[in-house]
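Source: prediction; values computed, not measured.
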Amino acid sequence: MPSSTDLSSQPAEQRPSADSTGPGDTPPGGSQGTPAFSPLYQQIKTLILRSLQAGEWKPGDMIPSELDLAARFKVSQGTVRKAIDELATDNLLVRRQGKGTFVATHAEQHIQYRFLRVLPDDGDPGSQGQAERSIIECRRQRAPAEVARQLGLRTGDAVIQVRRVLAFLGAPAILEEIWLPGHSFKGLTLEALSADKGPMYALFETQFGVRMVRAVDKVKAVAADAESAALLGVQAGHPLLSVERLAFTYNDVPMELRRGFYRTETRHYHNELS
């Protein structure tokens, strides 16, 4: 277990952040030589995130109690609780009454649909039944320039390209093209994807240690070309919803570029703003 970090010797409002830098360094978000400060609970949140990123606690694992974490970081239990509250709000941790706090996993039912924004018109993602998946291809290749740019790679670096069709109640509904960094998904095969019946993000967690923690979507209307029309069972020119997603793991490292084409006769894009 990593050694304890003592943050208790300074007033909470003036303690340097866990990422504060030494003389001559450039602190995050600040100019060179300017000290960076953050509330103590935010510093504890950062330290817990580091442990999650390092794999000290894996998806589905129970993390130490608030009391144990308070002793580890030499802060109050209330400070730890506030940090954990934020991580739970971010869907990175899950509190279970009477059991403890666990690392969130995409294998859990309510987490499975966290990034799902195209829903059946009745609003219930479960009402359309289990998705029937057909993997068209899964191949390793060199990254095209635009894919490399979005994934933070160099043009020509190895990537995994996956194409699949999702059907519900026997009707094709979604065509997806997925790009993944090759170095993080070594060994991903068409056979493995075809055999797995759980959420793809859960497979990424268990088999490759990659957890998607946030995503950014771009949405627009497009007309089906001949290939997508044939795969989705519509006429060329049929209106589709195009959703391009860039998904990130910890520390905002891009790990997936996904381009989906959705039939929307019985579906809509749903997003809550606050």
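Summarising the geometry, atom SG belonging to Cys138 is positioned 9.5 Å from atom CD1 belonging to Ile178; distances are rounded to the nearest 0.5 Å. From Phe73, atom CZ reaches atom CG of Asp68 across 11.0 Å, with rounding to the nearest 0.5 Å. Atom-to-atom distance recorded for Phe248:CZ and Arg211:CZ is 15.0 Å, nearest 0.5 angstrom. Taken from CG in Leu240 to CG in Leu175, the straight-line distance is 8.5 Å, to the nearest 0.5 Å. Considering CZ of Arg149 and CG of Leu257, their distance stands at 9.5 Å, rounded to 0.5 Å. In this structure, CD1 in Ile48 is found 12.5 Å from CD in Gln43, a value given to the nearest 0.5 Å.
Between Glu265 and His238, the closest side-chain pair of non-hydrogen atoms falls below 4.5 Å.
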Salt bridge (Lys or Arg N to Asp or Glu O under 4.0 Å) evaluation trace for Asp122 with Arg267: CA-CA 9 Å; Asp122 64 9; Arg267 293 173 181 80; over 6 Å; no
Intermediate values then yes/no, side-chain contact (heavy atoms from CB on, under 4.5 Å), Ile63 and Leu93: CA-CA 9 Å; Ile63 71 169; Leu93 297 177; 4.0 Å; yes
Verdict with reasoning, Leu69 to Val75, per side-chain contact (heavy atoms from CB on, under 4.5 Å): CA-CA 8 Å; Leu69 289 172; Val75 296; over 6 Å; no
Derivation and outcome, salt bridge (Lys or Arg N to Asp or Glu O under 4.0 Å), residues Arg245 and Glu176: CA-CA 11 Å; Arg245 170 185 300 164; Glu176 290 185 321; 6.0 Å; no
Step-by-step side-chain contact (heavy atoms from CB on, under 4.5 Å) determination, Leu52 to Lys58: CA-CA 7 Å; Leu52 291 171; Lys58 294 179 170 53; over 6 Å; no
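A single hydrophobic cluster is seen to contain both Leu153 and Val147, as judged by linkage of ILVMFWY side chains at heavy-atom distances under 4.5 Å, directly or through other members. In this structure, Tyr41 is not a member of the same hydrophobic cluster as Leu92, with clusters built from ILVMFWY side-chain heavy atoms closer than 4.5 Å. Linking Ile, Leu, Val, Met, Phe, Trp and Tyr whenever their side-chain heavy atoms come within less than 4.5 Å puts Leu190 and Met200 in one cluster. Using a 4.5 Å cut-off between side-chain heavy atoms of Ile, Leu, Val, Met, Phe, Trp and Tyr, with links allowed through other members, Val80 and Trp57 fall into the same hydrophobic cluster. Both Leu180 and Phe208 are members of a single hydrophobic cluster when ILVMFWY side chains are connected at heavy-atom separations under 4.5 Å.
Aromatic ring orientation, Phe204 versus Phe185: perpendicular (interplanar angle above 60°, classes split at 30° and 60°).
Contacts of Gln42 classified as side-chain hydrogen bond (donor to acceptor under 3.5 Å, both in side chains), with partners at least two apart in sequence or in another chain: Glu86. Among residues two or more places apart in sequence or in another chain, the side-chain hydrogen bond (donor to acceptor under 3.5 Å, both in side chains) test is passed with Ser76 by Thr79.
Shortest non-hydrogen contact noted between Ala223 and Gly237 is CB-O, 3.8 Å. Nearest heavy-atom pair, His268 versus Pro120, reported as atom, atom and distance to 0.1 Å: CE1-O, 3.1 Å. Of all non-hydrogen atoms in Pro254 and Pro181, the two that sit nearest each other are O-CG, 4.3 Å. Here the closest non-hydrogen pair linking Val94 and Ala104 is CG2-CB, 3.7 Å.
Using a 4.0 Å cut-off between charged nitrogen and carboxylate oxygen, Glu66 and Arg95 count as a salt-bridge pair. Salt bridge Glu56/Arg72: present, at least one basic N to carboxylate O contact under 4.0 Å. The pair Asp252-Arg214 counts as a salt bridge, with a side-chain nitrogen and a carboxylate oxygen less than 4.0 angstrom apart. Looking at Asp217 and Arg258, no side-chain N of the basic residue comes within less than 4.0 Å of a carboxylate O on the acidic one, giving no salt bridge. Note on Arg154 versus Asp157: salt bridge recorded, some NZ/NE/NH1/NH2 to OD/OE distance being below 4.0 Å.
A distance-only check finds no donor-acceptor pair linking the side chain of Arg164 to the backbone of Ile135 [under 3.5 Å]. The main-chain N or O of Asp225 is found under 3.5 Å from a side-chain atom of Ser228 such that the two form a donor-acceptor pair. Thr105 places no side-chain N or O within donor-acceptor distance of the main-chain N or O of Gly60, the cut-off being under 3.5 Å. Asp90 contributes no side-chain N or O that, together with a main-chain N or O of Leu87, makes up a donor-acceptor pair within less than 3.5 Å. Between the Thr206 side chain and the Ala202 main chain, a donor and an acceptor come within less than 3.5 Å of each other. In this structure, the side chain of Asp196 engages the main chain of Gly198 through a donor-acceptor pair within 3.5 Å.
Each of Thr89, Thr101, Ile44 was evaluated against Ile84; a single residue qualifies, Thr101, per the side chain to side chain contact (heavy atoms under 4.5 Å, CB included) test. The only option from Gln150, Gln161, Glu256 that meets the side chain to side chain contact (heavy atoms under 4.5 Å, CB included) definition with Trp179 turns out to be Gln161.
Stacking of Arg96 on the aromatic ring of Phe102 is recorded, both the 6.0 Å distance cut-off and the 45° axial limit being met.
By the neighbour-count criterion of 12 heavy atoms within 6.0 Å, atom CZ of Arg140 is densely surrounded, having more than that number from other residues, nucleotides or ligands.
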